[in-house]
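Lettering follows sequence order; numbering is per chain, from 1.
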Amino acid sequence: MKILYFAWLRTQLGMAEEVIELPENILKLEDLLEHLKARNAVFEAAFSDMKVIRIAVDQEYVTDNVSLEGVQEIAFFPPVTGG
Amino acid sequence: MKILYFAWLRTQLGMAEEVIELPENILKLEDLLEHLKARNAVFEAAFSDMKVIRIAVDQEYVTDNVSLEGVQEIAFFPPVTGG
Amino acid sequence: MIIVQDAAFDTGAEIKRLTDNNTQIGAVVSFTGLVRDFNDGANVQSLTLEHYPGMTEKELEKIEALALNKWDLTDSLIIHRYGKMELGEAIVLVVTASAHRSDAFEAAAFLMDWLKTKAPFWKLEENSSGSENWVKERSSDIDAAKKWD
Amino acid sequence: MIIVQDAAFDTGAEIKRLTDNNTQIGAVVSFTGLVRDFNDGANVQSLTLEHYPGMTEKELEKIEALALNKWDLTDSLIIHRYGKMELGEAIVLVVTASAHRSDAFEAAAFLMDWLKTKAPFWKLEENSSGSENWVKERSSDIDAAKKWD
């Protein structure tokens, strides 16, 4: 599964994208978030306030704790500021 | 005093403008209208429905029976349709 | 700025002229009104716009001053043509520039609504059959203008 | 039509392209968003716009489809740039064409409000002091978008 990071999340994590093999116990979005935060202090800090993080699953906004079955691409990013 | 007519009022009256010497008994706008309507059937018909006539005195819209003292220019025209 | 002219204008060039060399502008809204092939009647071929020279300019100045007073605008422009125009030609242009998009949008809509009900212009439609028709006042235009009272 | 590109665009040429040869259009509204010299911070010198290729296009298509469904539009166009832009450069263009001006005005305002809150773009401001700053979400943008719900 591909994970994308944009804007300050990208610069803070020092990473624009990564490809991960999901451990078997990670079934839903919340599981993935816990998995990422458990990596190190940088990830934990970046995802400490989920109010300032938006999530897209296969390029569609999600706000629920969706299943990751069959998902190809997840993106984490700050609220958008285009226009 | 100059009187201007625009749009269908101009074509109906066959006149874009005229200069008239006001008779002494014509003091207000309503007096002028009666004076014009008394001229002939064409003027009477043109001014028969004042709901479809707008009036500007010295290039300012008026809706009241204003005094004509010192007035240089009166215009009669249909509701505007620009833009 | 207000301009009343018979000549055609170029919307893009006018927008550019208003915004060039002003780096405080974040939002520019333009409205262009064109001669379309149906209006009061069908098969409109051309329009002739009559106006009241002198009063037209005064009314447009007043309307622009109201907008500049009501919204936070960096600049504004109204161009209104008179004379004969063919199908697809631009009749009127309103451009508003502001730091903020809501001011630019609202002011442009206000300028058009007021111009439609206050500026002394009259449209004569020429149809393909050769007949002519003075365009009638629209109640929707009156209602649109009232919402700014 | 939606276009996501790094190249600059010409507002006037785009408006012309949308309206030429369509004589049913009576009203064209354009919104151009420009890099201005103040935003979250003062002394903005340039902006870099990051986006999410793929999702950006999908979101813009959805927003345009909503507008075309909600208003009576002859045509519409959204151009949004990404990459680095200097002061005064155009970032975004929305053009709406309709037989009626209220549809063109409302649809353009809606497109901008939704684009501001839904399209995955992020602005990095570069200030004259050399510092960089990710622009923050604005509550006024969220409120503006809510009014169309």
Exercise. To the nearest 0.5 angstrom, please state how far the CE atom of Met112(C) sits from the OG atom of Ser102(D).
Key: 11.5 Å
Self-check item: Which of Ala108(C), Gly33(C), Ala104(C) touches chain D most, by non-hydrogen pairs under 4.5 Å
Solution: Ala108(C)
Practice problem: Check step by step if side chain to side chain contact (heavy atoms under 4.5 Å, CB included) holds for Arg101(C) and Asp113(D). | Solution: CA-CA 9 Å; Arg101(C) 75 182 182 286; Asp113(D) 287 342; 2.8 Å; yes
Quiz prompt | Heavy-atom contact with chain D under 4.5 Å, split by part of Lys16(C) | solution = neither
Quiz prompt | Greatest number of heavy atom pairs closer than 4.5 Å to chain D - which of Ala27(C), Ala13(C), Ala144(C) | solution = Ala27(C)
Exercise. Name the region of Ala90(C), side chain, backbone, both or neither, that has any atom closer than 4.5 Å to a heavy atom of chain D.
Key: neither
Exercise. Could you have a look at Gln24(C), Glu106(C), His100(C) and say which one has the most heavy-atom pairs with chain D under 4.5 angstrom?
Key: Gln24(C)
Exercise. For each of Asn22(C), Thr32(C), Val35(C), tally heavy-atom pairs with chain D at distances under 4.5 Å, and name the one with the top tally.
Key: Thr32(C)
Exercise. Under 4.5 Å heavy-atom distance to chain D, tell me which part of Thr19(C) shows up: side chain, backbone, both or neither.
Key: side chain
Quiz item: When only pairs under 4.5 Å are counted, which of Ile15(C), Leu87(C), Thr11(C), Ile25(C) shares the most heavy-atom pairs with chain D?
Solution: Ile25(C)
Quiz item: Who wins among Ala109(C), Gly12(C), Ser140(C), Gly88(C) for the most heavy-atom pairs under 4.5 Å with chain D?
Solution: Ala109(C)
Self-check item: Residue Asp10(C) versus chain D: region with a heavy atom under 4.5 Å
Solution: neither
